[in-house]
Structure formats: C-alpha cells, structure tokens
Chemist: 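Quick one: the structure is below, and I'll ask about it shortly.
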Amino acid sequence: MSKIQQAIKERILVLDGAMGTMLQRNNFSEEDFRGERFKDFPHPLKGNNDLLSITQPEAVKQVHRLYFQAGADIVETNTFSGTTIGMADYHLEDLVYELNYQSAKIAREVADEFTDRPRFVAGSIGPTNRTASMSPDVNDPGYRAVTFDDLRVAYKQQVEALIDGGCDVLLVETIFDTLNAKAALFAIEEVKEERKIDMPVMVSGTITDASGRTLSGQTVEAFLISISHIPLLSVGFNCALGADQLKPYLKRLSMNTQLNISAHPNAGLPNAFGHYDQTPEEMQALIREYLQDNLINIIGGCCGTTPDHIKAIADVAREFKPRKV
C-alpha cells in the first residue's frame, strides 16, 4: 500500500488551491515568460503558465510552498496543459517531456522540505482543448478534431514525464469529455504495465452548468460508470461551480460509489469581470457542510482559491473524520 493510500484512511486529505490565480499575482510580462532560454522564440509565449516551471521555477516553487504552509497534504504539478495537444497553441510540442518532468521535480523538492507528515505530489493531467466525443463543427457532426489514439499518445508522454519527475499520484482532472479521460486512463494503465509499477490515480470531472451534466452530456452516475473499470484512488468533481452548487452532485456520487471522493470547487462563481469573490470564511462554512454530511475524503480548491482559502479548509478538515468508504 502506498503512503497516500495509507494517509487517506487516517484523515481527510487537503489538496492545494489554484495555480493560475497565484501566478497571475506576479504580473509576468512576455519577457518573463520567455526567460533567457526563449528570448528569440518566434511565437508569443505569454499566458503559457506551464512554461514558467522552466523559465520562472522559483515563482512556481513558492506557490507550492505557500500551499503546503497553509496545510495542504497534496500539491498539483504546474502541468494542466502539458500535452503536445495543449502546447501546440504555443508551438512548444517538443518541450512536453521536459515541462512535465521539471514541474514534477520542482513540486517534489518543495514537498520534501516538509517533514512533519507525508506530503504528496499529484501530477496534474488536464483535459486538453479538444474533445474526442463531439464535433467542433456544427455543420459536420461526424467530424472530430482529435482521436482517442491522438490523446492516448499525448497523455502517455505526459504521464511518463510526471512519474519520472517524482509524482506520488496522477490526477486526471477537469474532465468535460469522458472519452478524453478514458484515453488518459488507458495511457496511465499502459505505462503502469510497461514499468510494472502501481501508481495511484485520482479522477475529477467537471459539471458545467445547472443541468448537472458534463459538457459531453453525462450525468453524475453515467460519468461514474464510464470510469469505474479502472482501479482508482478517488473520484470527484472540480472547477465550473462553487462549493454550494457542487454539493448535490457530490451527494449523488457519494451514494453510488465505493471509491474515495474528492472535491476542489471554485471560490464561488465568477463576477462580471471574471474574478472570484468568495472569501476563505464563506468557503470554509460551505466545506463544513460537506464534512458534516460525510461526503468527502479529499478536499481542496480550484479557480480563485488561494493559500488563505486552503488554510481555512485545512482548519475545518482537521475537525472531522474521513468519509467511510
């Protein structure tokens, strides 16, 4: 049994908050994103947060450090867009292995600074910006911008680098299309088999609106059934909704699975300017309800959350026992 599988039995594990929200505080310029190494790169790079693991590693390390200091047990690597598919927007496909390896290595180094209890690194595997089960062209419903195999190959490269960099667990997150997620899970199983290793895997979908479905149209139960053939550490939801709106879906999940359950909601819903206004205290009160209702084993924050939010969540999580599976 891995250390994280042991820890999740003993306590509610706290996941970190938003990476992007924290990096934006630095107001990095195009030059900062480029660093010395990409000074003469022919395409704009501003906005490519994953690249900062190479060009501004200290800034990324500091974000991980702040989350651990706030009480997080698990931090996510800065690799949300770290596939050849995601990096194609910036013409940096060749950099994918290095990006993921460096991001995992940085997070591992920071995790190892904390010796009070086991701290974990989750390799963040995002959904990519393409969907395998729907056509992006309304006039050609049969068209697909990406195939299952394209995704499998891209994810496999990312997974290998994350494992090599020192991750403890892989987190397939913000899933809006379960077919994309299945390609990621297939790639993970391939790597595990080839390397003869057992790597814990977390899966986290996203409910996109009040219909209670993922973007590709699945209900909570359908999503769960689609991924339950894989041995998972946890299943849960993140992003799109605040803690309040997410709660009914976590309830449905909790009633239908033997797996551990994770949640990392946004800090409420964005305001007219795209900013998140929910305070740590407001979020803490909502998370307390999750805990009172015995819904979760892993809890953290997504868009708009900061170390202050995670500290408030960690403080309340310590008062409760983990959900009995």
Side-chain angles (χ1 to χ4, degrees), residues 15-70 72 74-114 119-130 154-168 170-171 173-174 239 274-275 301-307 310:
L15 193 64
D16 61 2
M19 174 61 78
T21 300
M22 294 299 288
L23 291 174
Q24 280 160 14
R25 292 178 169 187
N26 295 292
N27 291 318
F28 285 133
S29 64
E30 176 70 36
E31 285 64 42
D32 296 324
F33 273 91
R34 289 171 173 268
E36 196 51 41
R37 179 165 162 193
F38 299 96
K39 201 168 68 205
D40 303 320
F41 195 73
H43 305 281
L45 295 175
K46 190 175 178 183
N48 184 354
N49 282 349
D50 294 22
L51 183 61
L52 296 171
S53 294
I54 291 174
T55 56
Q56 302 290 339
E58 282 311 312
V60 176
K61 272 187 160 179
Q62 186 55 16
V63 175
H64 291 322
R65 202 171 280 123
L66 288 169
Y67 280 126
F68 276 135
Q69 285 167 353
I74 310 167
V75 297
E76 297 174 53
T77 55
N78 179 35
T79 52
F80 188 77
S81 306
T83 54
T84 46
I85 295 165
M87 284 297 135
D89 291 355
Y90 296 98
H91 306 271
L92 287 174
E93 297 95 323
D94 296 347
L95 210 64
V96 163
Y97 182 89
E98 186 186 349
L99 269 179
N100 285 280
Y101 178 81
Q102 276 303 116
S103 295
K105 187 165 161 281
I106 284 170
R108 174 85 273 148
E109 284 167 8
V110 179
D112 291 344
E113 292 172 12
F114 293 82
R119 306 286 184 130
F120 305 104
V121 174
S124 170
I125 298 171
T128 82
N129 48 10
R130 302 199 195 151
Y155 279 130
K156 191 171 179 184
Q157 185 184 13
Q158 181 177 30
V159 166
E160 287 175 330
L162 288 170
I163 293 172
D164 291 345
C167 286
D168 302 289
L170 297 170
L171 169 57
E173 65 168 314
T174 323
C239 206
H275 297 137
C302 204
C303 306
T305 56
T306 64
I310 297 307

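Note that the structure is a prediction, hence the values are computed from the model and not measured. We number each residue from 1, following the sequence as shown.
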Chemist: Is the closest side-chain donor-acceptor distance between N129 and D89 under 3.5 Å?
Modeler: yes
Chemist: Does any part of the side chain of L92, heavy atoms only, come nearer than 4.5 Å to the side chain of L45, both counted from C-beta?
Modeler: yes
Chemist: Compare all side-chain heavy atoms of L171 with those of E76 and state whether any distance is below 4.5 angstrom.
Modeler: yes
Chemist: For F38 and L51, run side-chain contact (heavy atoms from CB on, under 4.5 Å): C-alpha distance rounded to whole Å, both residues' side-chain angles, the deciding distance at 0.1 Å, then the answer.
Modeler: CA-CA 10 Å; F38 299 96; L51 183 61; 3.8 Å; yes
Chemist: Hey, is K39 close enough to E36 for a salt bridge, meaning N to O under 4.0 Å?
Modeler: yes
Chemist: Rounded to the nearest 0.5 Å, how far does CD of E31 lie from CZ of R34?
Modeler: 7.5 Å
Chemist: To the nearest 0.5 Å, tell me how far N48 CG sits from L99 CG.
Modeler: 7.0 Å
Chemist: Can you measure from CD1 (I74) to CZ (F68) and round to the nearest 0.5 angstrom?
Modeler: 9.0 Å
Chemist: Do E173 and S124 have side chains that get closer than 4.5 Å, going by heavy atoms?
Modeler: yes
Chemist: Between L66 and Q69, does a side-chain contact (heavy atoms from CB on, under 4.5 Å) hold up when you go through it step by step?
Modeler: CA-CA 5 Å; L66 288 169; Q69 285 167 353; 3.8 Å; yes
Chemist: Quick one: are S81 and M87 in side-chain contact, heavy atoms under 4.5 Å?
Modeler: yes
Chemist: Quick one: side-chain hydrogen bond (donor to acceptor under 3.5 Å, both in side chains) pairs with a partner in residues 157-166, sequence neighbours left out?
Modeler: Y97-D164, N100-Q158, D164-R195
Chemist: Using a strict threshold of under 4.0 Å (side-chain N to carboxylate O), is an ion pair present between D168 and R119?
Modeler: no
Chemist: Given T83, which partner from the list D50, I125, T128 fulfils the side-chain contact (heavy atoms from CB on, under 4.5 Å) test?
Modeler: T128
Chemist: Of all heavy-atom pairs between T84 and A154, which one has the smallest distance, and what is that distance?
Modeler: OG1-CB, 3.5 Å
Chemist: Drop me the distance from E109's CD to K61's NZ, to the nearest 0.5 angstrom.
Modeler: 4.0 Å
Chemist: Would you sort out whether E98 and I54 count as a side-chain contact (heavy atoms from CB on, under 4.5 Å), showing the intermediate values?
Modeler: CA-CA 8 Å; E98 186 186 349; I54 291 174; 3.8 Å; yes
Chemist: Are the side chains of F80 and M19 in contact, using a 4.5 Å heavy-atom criterion?
Modeler: no
Chemist: Please name all residues satisfying ring-ring contact (aromatic ring centres under 6.0 Å, His included) with F120, sequence neighbours left out, ordered by chain then number.
Modeler: none
Chemist: Look up atom NE2 in H64 and atom CG in N78, then write down how far apart they are to the nearest 0.5 Å.
Modeler: 6.5 Å
Chemist: Locate the shortest heavy-atom distance separating T79 from S103; write the atom from each residue and the value.
Modeler: CG2-CB, 3.3 Å
Chemist: Step by step, would you call N49 with F33 a side-chain contact (heavy atoms from CB on, under 4.5 Å)?
Modeler: CA-CA 8 Å; N49 282 349; F33 273 91; 3.8 Å; yes
